[in-house]
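Just below is one structure, and these are the notes that go with it.
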Amino acid sequence: MSRNRGHQNALLAGLMTVKDFADVTISMDADLQDDINAIDEMIDKYLSGIDIVYGVRSKRDTDTFFKKFTAEGYYSFLKFLGGGDIVYNHADFRLMSKRALNGLAEFGEVNLFLRGIVPMIGYPSAIVYYERAARFAGESKYPLKKMLFFALQGITSLTVEPIRMITKLGVAISTISFFVILWIFYRYFIGSTVIGWTSLLASLWFLGGLILMSVGVVGEYVGKIYLEAKRRPRYIVSEFLNDT
């Protein structure tokens with residue numbers, strides 16, 4: 001690499017560099033934690049017609065409680081936000097066939113999160129479970145700050161649901177405020193109101209809801225621009241049938 005361009009870009013660069021020279025590629029971390037014995041099973045699945053084989057941790061016993069809790073919580077949260085078909089407990093230990101790599105090459109996005117992009121390719125896939133070993137030497141290059149940035153990158157590069165949540169929140173607050181206003185009128189007519197307080201509070205809530213809803217609507221259009229700017233492939237041909 002000409003300079004440090006980040007983990008995901010480095011991994012993509014390696015895959016794109018060798019895709020024309022290999023029938024199949026396997027990516028794995030260099031810290032010796034991924035089990036090389038799982039490669040045999042990956043290749044067996046590839047020979048049976050599978051294009052993408054994910055190496056998935058069978059358990060996280062080597063992680064601290066904090067690491068385990070945050071990692072599993074992140075996968076669940078990303079799934080909740082609609083972050084594609086991301087594979088639970090999968091990092092970057094995976095096998096990809098040549099045509100899977102050609103499919104990956106059609107994704108032109110700059111903000112990379114390969115764990116979320118690869119499942120979008122859509123070719124036949126399978127999972128191989130393995131036990132991740134303890135780190136052989138050195139320290140992790142992903143401290144908490146980088147992990148948080150990487151997690152945010154994954155969310156914002158895969159889904160616009162956070163923008164839509166603003167719209168939903170605005171609609172909810174506006175709806176609740178509308179019923180509160182009706183309740184205020186009811187209390188007013190029966191002569192049981194504190195002058196000025198309830199009307200002011202309801203107005204603030206109602207206007208706050210409208211503002212959030214308006215921001216959410218604008219966000220919807222920004223989200224569309226965001227997705228268009230990614231220039232993701234509109235389709236990937238899996239098989240061409242030529243009957244001539």
Atom pair NE2/CD1 of H90 and I127 - distance to nearest 0.5 Å
9.0 Å

Output all residues satisfying side chain to side chain contact (heavy atoms under 4.5 Å, CB included) with [X], sequence neighbours left out; order by chain, then residue number.
X	value
D35	N37, Y130
S125	I52, Y54
A91	R115

Listing request: all salt bridge (Lys or Arg N to Asp or Glu O under 4.0 Å) pairs with a residue in residues 41-56, at least two apart in sequence or in separate chains.
D51-R99

Could you give all pairs that pass the salt bridge (Lys or Arg N to Asp or Glu O under 4.0 Å) test and reach residues 200-214, with sequence neighbours left out?
none

Side-chain donor-acceptor pairs of residues 11-23 under 3.5 Å, sequence neighbours excluded:
residue: T17; atom: OG1; partner: A13; partner atom: O; Å: 2.6
residue: K19; atom: NZ; partner: N102; partner atom: OD1; Å: 3.4

Same cluster (ILVMFWY, side-chain, under 4.5 Å), [X] and [Y]:
X	Y	answer
I86	Y88	yes
L47	I50	yes
V87	L101	yes
Y46	I36	yes
V24	V118	no

Using a 4.5 Å cut-off on heavy atoms from C-beta on, say whether the side chain of [Y] contacts that of [X].
X	Y	answer
V128	F93	no
Y123	M96	no
T25	L95	no

For a quick test of reading the model, state the closest non-hydrogen atom pair linking [X] to [Y] and the distance between them.
X	Y	answer
Q8	L114	OE1-N, 2.8 Å
P124	G49	CB-O, 4.1 Å
I121	A100	CD1-O, 3.5 Å

Quick check on salt bridge (charged side-chain N to carboxylate O under 4.0 Å, His left out): which of R132, R94, R57 does D34 satisfy it with?
R132

Taking atom CG of L182 as the centre, report whether more than 12 heavy atoms of other residues, nucleotides or ligands fall under 6.0 Å from it.
yes

Decide if atom OH of Y129 counts as having more than 12 heavy atoms of other residues, nucleotides or ligands within a radius under 6.0 Å.
no

